[in-house]
Amino acid sequence: MPFIDHQGARIYWDERSVGEPVLLIMGLGYPSDMWWRTRPALDARYRTIVLDNRGAGRSDMPPGPYPIALMAADALAVLDAAGVESAHVFGISMGGMIAQELALQNPKRVRSLILGCTAAGGTTAVQAEPEVIQLLMNRGSMPAEQGALAAIPFIYDPGTPRDRIDEDFAIRRPWFARPEAYVAQLQGILAWESYSRLPQLNVPTLVIHGETDRLVRLANGELIAARIPGAKLVTLPNASHIFPTDQTAACNHAIMEFLAAC
């Protein structure tokens, strides 16, 4: 298993298949294994590269906080380790924030952006309902399984069969983040913003968002798409925050169609 040592943490990454490189960046507390519904579709045409963000999965969990810029630097170091000059970058949730920061700081390294269920941070972000915010703030003091179960109504569409959610939990359970690592990532999210800088981006961008997302509301995706010149917005009906599970086929179709046009 490949690892890199970067700025005080051992970061896990791996790669599969051949073709133009696609870097996949996962969200708050999630391991890279959670790309399992999307990565096989991409593998058919692209070289896929994933990493576990610091504090998640197989990567180290050093003392926090973990600024978004630091996690973007981790992702850039993975591209360097893979020998990739530039890649398509797909980030989900916090991973979408990392992807934005990566593109803003290193525009020549990013061929295109796919920003899933994410936000631009700062005062312009459209806030979730109070009970969602309370859960986010309390997760660091809750047992991992309890916190993950409590989040289900906010991140999965009500129509998603429970067995599909259970499949995701089976993937996540061995890699639940320690509470202090979860908090360290959350601190990075809360201290970050890209809204003021998004018009600087000059890269093909797809913004994809579930219409029933209660964690990161759809208005955040609409805001990002309006701020990035030429960005395309795709909204998925009957899909919430974990839209690759809620609407796998529609998600994969949208990203493959976008990448084929880049």
**Request:** Following the transitive rule for hydrophobic clusters with a side-chain heavy-atom cut-off under 4.5 Å over Ile, Leu, Val, Met, Phe, Trp and Tyr, establish whether I92 and L104 coincide in one cluster.
**Result:** yes

**Prompt:** Is it true that a side-chain atom of T212 and a backbone atom of A239 form a donor plus acceptor pair closer than 3.5 Å?
**Reply:** yes

**Request:** Please test L198 against L201 for side-chain contact (heavy atoms from CB on, under 4.5 Å), starting from the C-alpha separation and ending with a verdict.
**Result:** CA-CA 6 Å; L198 287 179; L201 289 173; 3.9 Å; yes

**Prompt:** Any idea which heavy atoms bring V110 and A103 closest together, and the distance?
**Reply:** CG2-CA, 3.8 Å

**Request:** Mark yes or no for whether R109, through its side chain, and E85, through its backbone, hold a donor-acceptor pair below 3.5 Å.
**Result:** yes

**Step-by-step side-chain contact (heavy atoms from CB on, under 4.5 Å) determination, I49 to V22** = CA-CA 6 Å; I49 302 167; V22 180; over 6 Å; no

**Asked** So, does N252 use its side chain to make a donor-acceptor pair with the main chain of A249 at under 3.5 Å?
**Response** no

**Atom pair CE (M61) and CZ (R10), whose distance is rounded to the nearest 0.5 Å** = 13.5 Å

**Item:** Sidechain-backbone polar pair: N53 side chain, M26 backbone, donor-acceptor under 3.5 Å
**Value:** yes

**Asked** Any link between L215 and I165 through a network of hydrophobic side chains (Ile, Leu, Val, Met, Phe, Trp, Tyr) touching at under 4.5 Å?
**Response** yes

**Asked** Are R162 and E167 close enough for a salt bridge, meaning some N to O gap below 4.0 Å?
**Response** no

**Prompt:** In terms of side-chain heavy atoms, does S240 have a donor or acceptor partner in D246 at a distance below 3.5 Å?
**Reply:** no

**Prompt:** When you check the side-chain N and O atoms of S17 and R47, is any donor under 3.5 Å from an acceptor?
**Reply:** no

**Asked** Going from CE on M94 to SG on C117, what distance comes out if it is rounded to the nearest 0.5 angstrom?
**Response** 11.5 Å

**L42 vs I255 side-chain heavy atoms within contact, under 4.5 Å** = yes

**Message:** Same cluster or not: V126 versus F154, using hydrophobic residues (I, L, V, M, F, W, Y) connected whenever any side-chain heavy atoms lie under 4.5 Å apart?
**Reply:** no

**Request:** Keeping the roles fixed (side chain from Q146, backbone from M142), state whether a donor-acceptor pair exists under 3.5 Å.
**Result:** no

**Fill in**
Interatomic distance, CG@L23 vs CG@L51, rounded to 0.5 Å, equals 6.0 Å

**Complete:** side chain to side chain donor-acceptor pair (under 3.5 Å) filter on Q200, not counting sequence neighbours, yields none

**Sub-4.5 Å side-chain heavy-atom contact between R227 and Y195** = yes

**Asked** CG of N202: more than 12 outside heavy atoms within 6.0 angstrom?
**Response** no

**Request:** Decide yes or no for Q134 and R139: does some side-chain heavy atom of the first lie under 4.5 Å from some side-chain heavy atom of the second?
**Result:** no

**Asked** According to a 4.5 Å side-chain heavy-atom criterion applied to Ile, Leu, Val, Met, Phe, Trp and Tyr, with indirect links allowed, do L135 and Y30 form part of one hydrophobic cluster?
**Response** yes

**Request:** Run the salt-bridge test on E131 and R214 with the 4.0 Å N-O cut-off and return the result as yes or no.
**Result:** yes

**Message:** Between I25 and I98, is there a side-chain heavy-atom distance shorter than 4.5 Å?
**Reply:** yes

**Item:** E101 bridged to R197 by N-O distance under 4.0 Å
**Value:** yes

**Request:** Please check if the side chain of S59 supplies one atom and the backbone of Y12 the other of a donor-acceptor pair under 3.5 Å.
**Result:** yes

Ignoring hydrogens and angles, write down the donor-acceptor pairs under 3.5 Å from the side chains of residues 62-76, residues two or more places apart or on other chains.
residue : atom : partner : partner atom : Å
Y66     : OH   : P62     : O            : 2.5
D74     : OD1  : H6      : ND1          : 2.7
D74     : OD1  : R54     : NH2          : 2.9
D74     : OD2  : R54     : NE           : 2.7
D74     : OD2  : R54     : NH2          : 3.4

**Joint cluster assignment, V18 & L259, ILVMFWY side-chain distance < 4.5 Å** = no

**Request:** Please check if any side-chain donor atom of T48 sits under 3.5 Å from a side-chain acceptor atom of R39, or the reverse.
**Result:** yes

**Prompt:** Does any N or O in the side chain of E145 come within less than 3.5 Å of the main-chain N or O of F176, such that one atom is a donor and the other an acceptor?
**Reply:** no

**Prompt:** Under 4.5 Å between any side-chain heavy atoms of E15 and W13, yes or no?
**Reply:** yes

**Prompt:** Which value, rounded to the nearest 0.5 Å, describes the distance between D168 atom CG and D163 atom CG?
**Reply:** 10.5 Å

**Message:** Tell me which pairs pass ring pair (Phe, Tyr, Trp, His ring centres under 6.0 Å) where either residue lies in residues 31-59, with sequence neighbours left out.
**Reply:** W35-F90

**Fill in**
Closest non-hydrogen atoms of T38 and C251, given as atom of the first, atom of the second and distance, are OG1-SG, 4.3 Å

**Prompt:** Closest approach of C262 and P204, non-hydrogen atoms and distance?
**Reply:** SG-CB, 4.0 Å

**Prompt:** Can you name the nearest heavy-atom pair linking A99 to V89, along with the distance?
**Reply:** CB-CG1, 3.7 Å

**Item:** Ring-face cation contact, F169 with R173, 6.0 Å cut, 45° max
**Value:** no

**Request:** List the atom of S86, the atom of V84, and the distance in Å for their closest heavy-atom pair.
**Result:** O-CG1, 3.3 Å

**Fill in**
So OG of S93 and CE of M34: to nearest 0.5 Å the spacing works out to 11.0 Å

**Item:** Where A177 and G55 come nearest, the two heavy atoms and their spacing
**Value:** CB-O, 3.6 Å

**Message:** Determine whether L136 and L28 satisfy the following criterion, side-chain contact (heavy atoms from CB on, under 4.5 Å), listing intermediate values before the conclusion.
**Reply:** CA-CA 10 Å; L136 280 174; L28 174 62; 4.3 Å; yes

**Request:** Verify the distance criterion only: is there a donor paired with an acceptor across the side chains of H209 and T235 at less than 3.5 Å?
**Result:** no

**Asked** Would you say the side-chain atoms of T160 pair up with the backbone N or O of Y156, donor to acceptor, closer than 3.5 Å?
**Response** no

**Prompt:** Going by heavy atoms in the side chains, are V207 and V234 under 4.5 Å from each other?
**Reply:** no

**Asked** Relative to F3, does R58 satisfy both conditions: NZ or CZ under 6.0 angstrom from the six-membered ring centre, and within 45 degrees of the ring's axis?
**Response** no

**Message:** Within the 4.5 Å heavy-atom criterion, are V216 and T118 side-chain neighbours or not?
**Reply:** no

**Distance in Å, L233 CG paired with L223 CG, rounded so as to fall on 0.5 Å steps** = 11.0 Å

**Item:** N238 vs F243 side-chain heavy atoms within contact, under 4.5 Å
**Value:** no

**Prompt:** Run the side-chain contact (heavy atoms from CB on, under 4.5 Å) check on L115 and L206 step by step: do they pass?
**Reply:** CA-CA 6 Å; L115 303 175; L206 171 66; over 6 Å; no

**Message:** Could you check whether T245 and R37, counting side-chain N and O atoms only, form a donor-acceptor pair closer than 3.5 Å?
**Reply:** yes

